[in-house]
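These numbers come from the heavy atoms of this one structure, side chains and all, not from hydrogens, waters or symmetry mates. For reference, positions follow the sequence shown, starting with 1.
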Amino acid sequence: MDSEQAVDGLGKRSGLLNAVGQGGEMFGHPETIAVILGGGQGTRLFPLTKERCKPAVPLCGKYRLVDIPISNCVNSGINKIFLVTQFNSYSLHRHIQHAYKFDQFGAGFVAVLAAQQSYQNNRWYQGTADAVRQNLMHLMEGPHEHILILSGDQLYQLDFDAVLSSHTLHDADITIATKPVPRETASSLGLMRINHHGQVVEFAEKPEDPAVLDRFSIKGGAFHGYYPASMGIYLFKKKVLQEVLQSDNHDFGKHIIPESLANRRVFSFQFTQYWEDIGTIGSFFAANLEMASETPSLDLFNPEWTIYTRPRHLPSSAITGCDVQRAIVTEGCRLEKAKIENASIGIRSWVRAGSHLRDVVMMGGDFYERNRSIGLPAVGVGEDSFIERAILDKNVRIGRNVHIRDHSGEPDGDFENYHIRDGVVVVPKNTVIPDGSVI
């Protein structure tokens with residue numbers, strides 16, 4: 001595998017402001033548009049996806065998952081972005097409307113393409129490729145030469161300028177972003193065998209046979225014994241994408257990519273830094289708490305790679321008499337004489353006196369409560385409560401003296417006002433946990 005195809009960091013571009021040229025045009029890649037796939041029902045992230053799609057799930061206190069691929073595009077100079085949605089998409093549409101308003105004199109946009117019936121098609125999206133196929137009429141318009149396909153629920157920071165440079169250098173029809181992964185995760189991903197020119201010569205979707213796995217392992221070099229896995233990031237020549245979608249195949253990884261190897265120039269772009277596919281409650285929980293570590297893998301503080309989101313006009317957080325260790329506390333919060341250990345505290349959160357939060361992702365609130373309903377706990381966490389290893393979705397009401405314990409190693413379960421997934425207690429949006437409850 002050519003070393004020039006691998007990247008270990010970001011480009012030199014410093015966010016949206018430095019990417020805007022005269023007249024409001026982005027200087028980066030007018031020849032490239034991006035398509036972000038909003039995903040299916042997101043059943044593995046239930047109950048976080050009960051009322052929203054996966055890309056709209058709150059992340060790290062103030063963001064949404066979809067902000068990551070959009071920010072990667074904007075920072076890479078790609079400012080024509082389509083977002084394909086289908087399930088529970090209202091929350092996502094509202095976020096996009098408020099967060100991404102480009103210069104009215106420029107050409108940039110983030111456009112939502114919701115599933116819809118037409119004379120040509122009256123069915124729901126059947127897979128990733130089918131979602132793009134049903135929107136080809138919109139994606140083919142314009143003078144662009146390349147189409148970048150992205151997932152809406154992955155965490156990474158990647159300069160797509162490097163991907164496009166590799167794509168152009170090899171005159172590739174399709175370029176697939178790949179990441180070396182260890183044996184224990186290889187069988188859950190799409191793997192590729194890549195020759196010394198960087199060309200993909202074989203593809204296997206989630207192989208489990210040890211003999212097959214051995215054929216795909218990297219021999220020699222810094223990643224000896226690892227496996228080149230697809231990141232679900234595809235860069236197509238515009239014409240090629242139109243041609244390969246003429247068939248009725250539904251999925252890029254299962255159908256389009258393997259069948260393209262015989263008659264298309266398919267190349268790999270190796271990425272070696274942090275990448276996480278948010279597919280389960282466990283991975284979502286771990287990724288959020290990892291952001292609170294001393295050296296988080298996803299660098300939210302990099303001035304050259306801004307993560308954009310909806311701007312809000314909230315007050316600074318007030319922290320009074322608290323013991324806070326390894327925590328992200330976003331704006332508009334009130335923490336009063338509480339102990340916070342290893343936590344992500346979302347916007348407008350209120351944690352009251354005597355409470356102790358350990359290993360907690362608290363998503364915060366959509367509003368400040370003025371007149372509380374009689375008999376209901378206040379929004380946030382009440383006095384003298386202990387919460388460990390839990391996700392508290394938006395607008396939850398945790399009463400006084402509530403105890404939520406660690407359920408690591410226990411089976412998944414669904415209960416009246418909470419769920420257990422991967423050993424994590426998940427309290428759904430707008431749920432009330434009465435005073436004195438023990439979970």
Side-chain angles (χ1 to χ4, degrees), residues 35-60 63-69 83-95 112-116 123-132 134 149-155 185 187-190 205-206 208 229-233 249-255 275-289 361 363 389-396 407-431 439:
V35 181
I36 300 174
L37 302 177
Q41 297 184 44
T43 53
R44 292 190 300 162
L45 274 181
F46 180 87
L48 300 181
T49 52
K50 181 179 180 180
E51 299 182 14
R52 57 171 81 92
C53 57
K54 283 200 295 183
V57 171
L59 172 72
C60 199
Y63 305 102
R64 304 277 183 147
L65 284 173
V66 75
D67 291 327
I68 301 301
L83 179 59
V84 179
T85 67
Q86 179 164 273
F87 290 97
N88 279 342
S89 57
Y90 172 73
S91 178
L92 180 63
H93 291 191
R94 185 177 59 185
H95 175 71
V112 175
L113 298 175
Q116 58 184 338
R123 65 184 183 184
W124 288 102
Y125 301 145
Q126 303 300 303
T128 54
D130 188 56
V132 175
Q134 291 195 39
I149 310 293
L150 306 171
S151 172
D153 54 6
Q154 297 175 344
L155 303 184
T185 58
S187 60
S188 63
L189 299 167
E205 180 72 9
K206 300 179 180 180
E208 296 184 358
S230 171
M231 296 168 60
I233 297 173
N249 289 328
H250 297 325
D251 194 80
F252 283 111
K254 293 179 181 178
H255 309 118
W275 172 82
E276 182 66 47
D277 183 19
I278 303 299
T280 64
I281 289 294
S283 62
F284 173 82
F285 181 71
N288 274 270
L289 293 187
V361 176
M363 294 182 177
R389 193 170 172 79
I391 297 174
L392 310 181
D393 206 337
K394 289 284 193 73
N395 311 327
V396 300
H407 287 261
S408 296
E410 298 182 16
D412 292 351
D414 299 301
F415 304 91
E416 181 179 358
N417 52 12
Y418 68 95
H419 305 263
I420 296 176
R421 294 289 187 275
D422 302 325
V424 179
V425 174
V426 185
V427 182
K429 185 177 180 180
N430 300 319
T431 295
I439 296 176

Worksheet item: Can Thr128 and Asp251 be said to form a side chain to side chain donor-acceptor pair (under 3.5 Å), step by step?
Response: CA-CA 5 Å; Thr128 54; Asp251 194 80; 3.1 Å; yes
Worksheet item: Around atom NZ of Lys254, are there more than 12 heavy atoms of other residues, nucleotides or ligands at under 6.0 Å?
Response: no
Worksheet item: Checking side chain to side chain contact (heavy atoms under 4.5 Å, CB included) against Val57, which of Val66, Leu48, Leu92 comes through?
Response: Leu48
Worksheet item: Do you know which two heavy atoms are closest between Ile281 and Leu45, and how far apart they sit?
Response: CD1-O, 3.6 Å
Discussion item. Run the side chain to side chain donor-acceptor pair (under 3.5 Å) test on Ser91 and Arg64 for me, step by step, so that the C-alpha distance in whole Å, both residues' side-chain angles and the decisive distance to 0.1 Å come before the verdict.
Written reply: CA-CA 10 Å; Ser91 178; Arg64 304 277 183 147; 3.2 Å; yes
Item to complete: Would you check, one step at a time, whether the test side-chain contact (heavy atoms from CB on, under 4.5 Å) holds for Val132 with Val84?
Response: CA-CA 8 Å; Val132 175; Val84 179; 5.7 Å; no
Item to complete: Kindly compute the distance separating CD (Glu205) from CG (Leu189), expressed to the nearest 0.5 Å.
Response: 8.5 Å
Discussion item. Donor-acceptor pair, distance only, cut-off 3.5 Å: does the side chain of Asp422 make one with the backbone of Thr280?
Written reply: no
Worksheet item: How far does CZ of Phe284 sit from CG of Asp153, to the nearest 0.5 angstrom?
Response: 11.5 Å
Practice prompt. Search all heavy atoms of Ala287 against all heavy atoms of Ile278 and return the closest pair with its distance.
Written response: CB-CD1, 4.0 Å
Worksheet item: Salt bridge check: are Asp393 and Lys429 linked by an N-O gap of less than 4.0 Å?
Response: no
Item to complete: Could you pull out the closest heavy-atom pair between Tyr418 and Pro428, with the gap in Å?
Response: CA-CD, 4.1 Å
Worksheet item: Between atom CD1 of Ile68 and atom CG of Leu150, what is the distance when rounded to the nearest 0.5 Å?
Response: 12.5 Å
Item to complete: Check the pair His419 / Asp412 against side chain to side chain donor-acceptor pair (under 3.5 Å), numbers first and verdict last.
Response: CA-CA 8 Å; His419 305 263; Asp412 292 351; over 6 Å; no
Worksheet item: So, does Gln154 use its side chain to make a donor-acceptor pair with the main chain of Met231 at under 3.5 Å?
Response: yes
Fill in: Test: Arg421 and Asp414 ion pair at under 4.0 Å
yes
Response to the item:
Residues at least two apart in sequence or cross-chain that pass ring pair (Phe, Tyr, Trp, His ring centres under 6.0 Å) with Phe285, listed by chain then number, are none
Response to the item:
dist Ser188:OG -> Glu208:CD (nearest 0.5 Å) comes out at 9.5 Å
